[in-house]
Amino acid sequence: MASAVTPRNEDYSQWYLDIVKNANLASNSAVRGCMVIKPYGFGIWERMQRQLDDMFKETGHQNAYFPLFIPKSFLSKEAAHVEGFAKECAVVTHYRLMNAPDGSGVIVDPEAKLEEELIVRPTSETIIWNTYRDWVTSYRDLPLLINQWANVVRWEMRTRLFLRTAEFLWQEGHTAHATAEEAQAETLQMQEVYATFAEEYMAMPVIRGYKTENERFAGADNTYTIEALMQDGKALQAGTSHNLGQNFAKAFDVKFANKDNQEEYVYATSWGVSTRLIGGLIMTHSDDEGLVLPPRLAPIQVVIIPIPKPNEALDAKAAELLAAFKARGVRVSYDSDDTKRPGFKFAENELKGIPVRLGLGSRDLENGTIEVARRDNKTKESQPLEGIVDHVVSLLDDIQNNLFQRALDFRTAHTHHVDTFEEFEAILNRDIPGFIYAHWDGTTETELKIKEMTKATIRCIPNDAPEEAGKCILTGKPSHRRVIFAKAY
RNA sequence: CGGGGCAUAGCGCAGUCCGGUUAGCGUGCCUGCUUUGGGAGCAGGAGGCCCCAGGUUCGAAUCCUGGUGCCCCGACCA
């Protein structure tokens, strides 16, 4: 059978689509721009959710849920916010259908027009801050640390499975604080939670940075981001944490009495990651054989394949192994399908990115061995059955670490420092452009000009960017530190 | 919103230009036999509102008119 996916160097975009489709992660739907997340893809999301949720709880947050619909008037209360989202909102105008008088089907009942139209949330700041007004009266009510898991809708012109869909799943944290310092600390804390998750669980190295004014969230004073580099040399914004200052508190009149009984507006943050992370996961590790998953997020970490096909002796040994693996918390499965041959299963499990494959054959039983194949580097070796669980548990760690290291090496190899516009353009014209550290004069005007000329944008200013005197690559004006440019998703 | 493409079996497609048997191929599915350490072989079988609505015609998947939907590329954006 021919290869299931288009090679990356032939058509990267098609490669990505092939992986999503053939690894059974998601498919397009009858609704433009909306996807069906299939069980295997959703399994990855569930792993992400579980881990992130634990991390949110550990940092003191609680989950709650706010409505899908937002009164239209709410959206316009914060000027920058409405400006940013107005162009991509789905609007509910009616609440009832009726049979068409001519029998042609069902139509919107014109009598059932809503007095105030409802927006399908593109994000929930407005409805949440409208609610927080009632929740916060005293400094004793603060900080308010809430997260919600939800779907949101942004009517994007162009969509791509996982990376940009009209509807997507995410979490959005919304916190309220008594002081600007606390809000800033929260913003940075959540950026670090995201960065830790990305690096330790997704094995995806990220840059911790903050956005330029131009790239900031609509309504934020400052937006912090984690930026990852994909295999085609384009950047992916993988998570954002916003310091909203008092913008929403003022827009929704959320005040509290401080210890001196003085009324003050509260300080806000919001932060989110979405199913886009799955797109990032795919484009960080996967290869021309299919998906490659880091063990910590793989729905199935180890698959045991009977060779050449299941029989009583193999089934018995497999059952023993399954129990032993499960006892160690390993997510393992036994592929006892006797209608497929081993070769088919090997290819299928590679396509699905299962980190470790154990080939258990009749000869192995005689010899007391088992074949261990790792997905990340496609190597395989025969191992003694004795102690195999320990071996595999440690191998899963190795794979997790190897994937991170490999991605980090890739990023290092595709990170450049340039001082002239000629070098800058030359790097961007490469097949795999990558991150470019360069000096910028700090103006939105220059940023937009560079984007227009090269399609590259400022992904972020690294949190730890060292002071360094230099000249803007475009205007030659003075700059005191480098920022990171890249083409981006 | 521009440019392109597609809509026929679960999935992937051919057939459409130039109308004419019972609409076909690959794959998957069901049955049986054989095979079995990297995507098995043979035989038999089931499976179709050919996107929708009109029209032309003795006859439409195919021609005409009008719709609808999805995908890809670009602009915009997480």
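Note that the structure is a prediction, hence the values are computed from the model and not measured. Every chain is numbered from 1 and lettered A, B, ... according to where its sequence line falls, protein lines coming before strand lines.
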Among the nucleotides rC77(B), rG39(B), rG38(B), whichever has the atom closest to the side chain of Glu350(A) is rG38(B)
Heavy-atom count check: over 12 atoms from other residues, nucleotides or ligands less than 6.0 Å from Trp155(A) CH2?
no
Is there a side-chain contact between Arg276(A) and the phosphate of rA78(B), meaning an N or O under 4.0 Å from OP1 or OP2?
no
Short N/O separations, protein against nucleotides 72-76 of chain B, under 3.5 angstrom:
{"residue": "rC73(B)", "atom": "OP1", "partner": "Ser13(A)", "partner atom": "OG", "Å": "2.8"}
{"residue": "rC73(B)", "atom": "OP2", "partner": "Arg158(A)", "partner atom": "NH1", "Å": "2.5"}
{"residue": "rC73(B)", "atom": "OP2", "partner": "Arg158(A)", "partner atom": "NH2", "Å": "2.6"}
{"residue": "rC73(B)", "atom": "O5'", "partner": "Arg158(A)", "partner atom": "NH2", "Å": "3.3"}
{"residue": "rG74(B)", "atom": "OP2", "partner": "Arg158(A)", "partner atom": "NH2", "Å": "2.9"}
{"residue": "rA75(B)", "atom": "OP1", "partner": "Lys455(A)", "partner atom": "NZ", "Å": "3.0"}

Closest to the side chain of Asp364(A), out of rG37(B), rC71(B), rG39(B), is rG37(B)
Would you call the rings of His414(A) and Phe410(A) parallel, tilted or perpendicular, taking 30° and 60° as the class edges?
tilted
With the side chain defined as heavy atoms from C-beta on, Gln237(A) is closest, among rG37(B), rG39(B), rA78(B), to rA78(B)
Per Arg363(A) side chain, nearest of listed nucleotides rC70(B), rG37(B), rA78(B):
rG37(B)
Side-chain contact check for Lys309(A): nearest option of rA78(B), rC29(B), rU36(B) is rU36(B)
Distance (rounded to the nearest 0.5 Å) between Phe424(A) CZ and Ile436(A) CD1
5.0 Å
Measuring from Gln383(A):CD to Ile370(A):CD1, what's the distance to the nearest 0.5 Å?
10.0 Å
Any donor-acceptor pair, under 3.5 Å, between the side chain of Arg357(A) and the base of rG38(B), if you only look at N and O atoms?
yes
Looking at Lys378(A), does any N or O in its side chain come under 4.0 Å of the phosphate oxygens OP1/OP2 on rG38(B)?
no
Reckon Glu172(A) touches a base, only the sugar-phosphate, or nothing at all at heavy-atom distances under 4.0 Å?
nothing
